[in-house]
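Take a look at the structure below.
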There are 2 protein chains.
Amino acid sequence: MARASGGAVERRAVDKRRVILDAAVRVFARQGFHTCRVSDIADEAGVAYGLVYHYFKSKDEILDTLFLERWDILLSAIQEVDRQEIPVREKLFAIASFIVDSYRHDPELMKVIIVEVTRAANTFGRTHLAQIREAYDQIATIVARAQREGVLRSDVTADFAALAFYGAVEQVLTGWIFALLPTGEREYEEAKHLIVETICGGLERTEGQRPAAGSRD
Amino acid sequence: MARASGGAVERRAVDKRRVILDAAVRVFARQGFHTCRVSDIADEAGVAYGLVYHYFKSKDEILDTLFLERWDILLSAIQEVDRQEIPVREKLFAIASFIVDSYRHDPELMKVIIVEVTRAANTFGRTHLAQIREAYDQIATIVARAQREGVLRSDVTADFAALAFYGAVEQVLTGWIFALLPTGEREYEEAKHLIVETICGGLERTEGQRPAAGSRD
DNA sequence: CTCGTGATTGACTGACCAGTCAATCTGTCC
DNA sequence: GGACAGATTGACTGGTCAGTCAATCACGAG
């Protein structure tokens, strides 16, 4: 199937699959995975009900696909960041930036991934626990190296540090998703700095560091 | 109904309601709210199907009740902590302790609250967003006061600090719930310190603070 | 003993919806 | 043109379950 000559056919086929996936993002974001019907996705995509099952084995597989597509990109991005020869703080900033920018670029997709998979570890995320853990582990690796180099304190375990970092990021996205936090270009940039500042620098006022972003004493 | 003389009747009635609620916790924890059937709860409680609807308007109302009961206690606990005249760090430690101990005392209930409500803001938590926000706000208030007193830095907003703190706590509980993190008495105690240490002190190695692993000031 | 009220029972119903499938369409290849 | 393959359609089925309800029970009061 899909011989070299059949480019046009295959292109069209791939497109419909994509159309369905994109529609699913919108529907999941709007109604939630459990609440929506497969027919809602078909309607949103402007295709017949049955076509959804031509391209996907089940409703679950659609969410699955959406998550894995995006999570793989995230994992690659973290690895890429880790390869660079820059200070931890910059690595963490780069990771926070990547995730925040993902949200900026496609809030609906990120909403689905966070709300329906990452934060729904019971229902659906269970299947993907390994993937999610992989992200934690990569971050922990970055922290552990910095600890060995003496840049980060060692009495907070790397695993725990990764948890706290990821927790802050997820919490911020969740805040945006449910409008607990104001959104906007400025807020996105600010959040990146705040996350890294909080996790690396800590909340307590110290002598050494007071970079004060336009602040007064 | 429930005349003064009818103590025994009322007691029995209240008990069955409680039996159903407790059974629901076990069932929700084991199978998840969406996956379980009302008949599973009835079976677990050892009562007839219909009795569940005698005490609760709907399946949702059971989860509702469970969440609100517990969340009210949490909110009171935070307020109580805030009333005390102790340093921020100790206040945050007390809050972290309360939540960790809640988990220690009743992991199934906390699992249900975290997984099915708090982390499931889309499906169910939406109804309780205001309650959840209330907890954030109370924490933010504590941070804000400490900022005014000059104990905490002011370039990280109080709202954001609360988010990061709560995020760390929730992330740790989630780690325990899904066995990403080892559980046990020692781990529970350790977690309380790590959360506060990370959020207040930050991950970076500094001159002033270096309370090596086992020690306390 | 009898009445009444609330507790308790579990069979039943009505709605919903994921997934199936047989029919039809579209385009390619020879 | 004919035949084949995959794309596309949407009506239909089968199973699931939340919630209802009429019947029965348990017990206190008079």
Side-chain angles (χ1 to χ4, degrees), chain A residues 1-24 27-28 30-66 112 116 120 122-124 127, chain B residues 1-24 27-28 30-66 112 116 120 122-124 127:
Chain A
M1 51 112 137
R3 318 287 275 284
S5 61
V9 169
E10 196 185 350
R11 171 102 32 83
R12 188 184 293 267
V14 168
D15 280 349
K16 274 292 167 66
R17 194 185 134 92
R18 195 74 252 165
V19 165
I20 292 170
L21 282 172
D22 291 346
V27 173
F28 290 162
R30 193 193 315 133
Q31 302 173 238
F33 178 77
H34 294 286
T35 326
C36 83
R37 291 161 296 174
V38 173
S39 64
D40 293 330
I41 301 172
D43 290 352
E44 176 81 25
V47 302
Y49 185 89
L51 195 62
V52 174
Y53 286 92
H54 181 70
Y55 288 109
F56 302 95
K57 218 174 85 272
S58 66
K59 189 185 174 189
D60 281 14
E61 200 185 80
I62 300 175
L63 181 53
D64 244 28
T65 305
L66 252 15
V112 170
E116 304 293 347
N122 213 22
T123 337
F124 210 87
T127 329
Chain B
M1 48 111 144
R3 320 285 275 286
S5 61
V9 169
E10 195 185 349
R11 172 102 30 84
R12 188 185 291 271
V14 168
D15 281 348
K16 275 292 169 64
R17 193 186 136 93
R18 194 74 254 165
V19 164
I20 292 169
L21 282 172
D22 292 345
V27 173
F28 290 162
R30 193 192 315 134
Q31 303 173 236
F33 177 78
H34 293 287
T35 326
C36 83
R37 290 161 296 174
V38 172
S39 64
D40 293 330
I41 300 172
D43 290 352
E44 177 81 25
V47 302
Y49 185 89
L51 195 61
V52 175
Y53 285 93
H54 180 68
Y55 287 107
F56 302 95
K57 220 175 82 271
S58 67
K59 189 185 175 189
D60 281 14
E61 199 186 80
I62 300 175
L63 181 52
D64 243 27
T65 305
L66 253 14
V112 170
E116 304 294 348
N122 211 23
T123 335
F124 210 87
T127 329

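Please read all numbers here as calculations on a predicted model, not as lab measurements. To find a chain, count down the sequence lines: A is the first, B the second, and so on, and within it residues start at 1.
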Item to complete: Side chain of A/L51 only, please: which of C/dG10, D/dT9, C/dA7 is the nearest?
Response: D/dT9
Worksheet item: How many Å lie between CZ on A/F56 and C1' on D/dA7, as a whole number?
Response: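 Result: 14 Å.
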Worksheet entry | For atom CD of B/E61 and atom P of D/dA18, their distance in whole Å |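 For the pair B/E61 CD and D/dA18 P, the rounded distance is 15 Å.
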Practice prompt. Spell out protein contact along nucleotides 16-22 of chain C as letters: B when the base is contacted, S when just the sugar-phosphate is, - when no protein heavy atom is under 4.0 Å; keep the 5' to 3' order.
Written response: -SBBB--
Which pairs would a plain distance check flag for residues 37-46 of chain B, meaning a side-chain donor or acceptor within less than 3.5 Å of a matching protein atom at least two apart in sequence or in another chain?
{"from": "B/R37", "atom 1": "NH2", "to": "B/D40", "atom 2": "OD1", "distance (Å)": "3.3"}
{"from": "B/D40", "atom 1": "OD2", "to": "B/Q31", "atom 2": "NE2", "distance (Å)": "3.2"}
{"from": "B/D40", "atom 1": "OD2", "to": "B/R37", "atom 2": "N", "distance (Å)": "2.9"}
{"from": "B/E44", "atom 1": "OE1", "to": "B/R30", "atom 2": "NH2", "distance (Å)": "2.7"}
{"from": "B/E44", "atom 1": "OE2", "to": "B/R26", "atom 2": "NH1", "distance (Å)": "2.5"}

Item to complete: Would you name the heavy atoms of B/V52 and B/I20 that are closest together and state the gap between them?
Response: CA-CD1, 4.1 Å
Worksheet entry | Backbone N/O of B/Y55 and side chain of B/K16: donor-acceptor pair under 3.5 Å |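 Such a contact is absent between B/K16 side chain and B/Y55 backbone.
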Discussion item. Ring-plane angle category for B/H34 and A/H34, please: parallel below 30°, perpendicular beyond 60°, tilted otherwise.
Written reply: parallel
Discussion item. Distance check, rounded to the nearest 0.5 Å: B/L51 atom CG versus B/Y49 atom OH?
Written reply: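 Going from CG on B/L51 over to OH on B/Y49, the span is 12.5 Å.
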Worksheet item: Can you name the side chain to side chain contact (heavy atoms under 4.5 Å, CB included) partners of B/T65, sequence neighbours left out?
Response: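 Once residues adjacent in sequence are excluded, the partners of B/T65 under the side chain to side chain contact (heavy atoms under 4.5 Å, CB included) criterion are B/R17, B/L21, B/F56, B/E61, B/E69.
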Practice prompt. Determine: side-chain N/O of A/H54 to OP1/OP2 of D/dA7, distance under 4.0 Å, yes or no.
Written response: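 Checking A/H54 against D/dA7: at least one side-chain N or O falls below 4.0 Å of OP1 or OP2.
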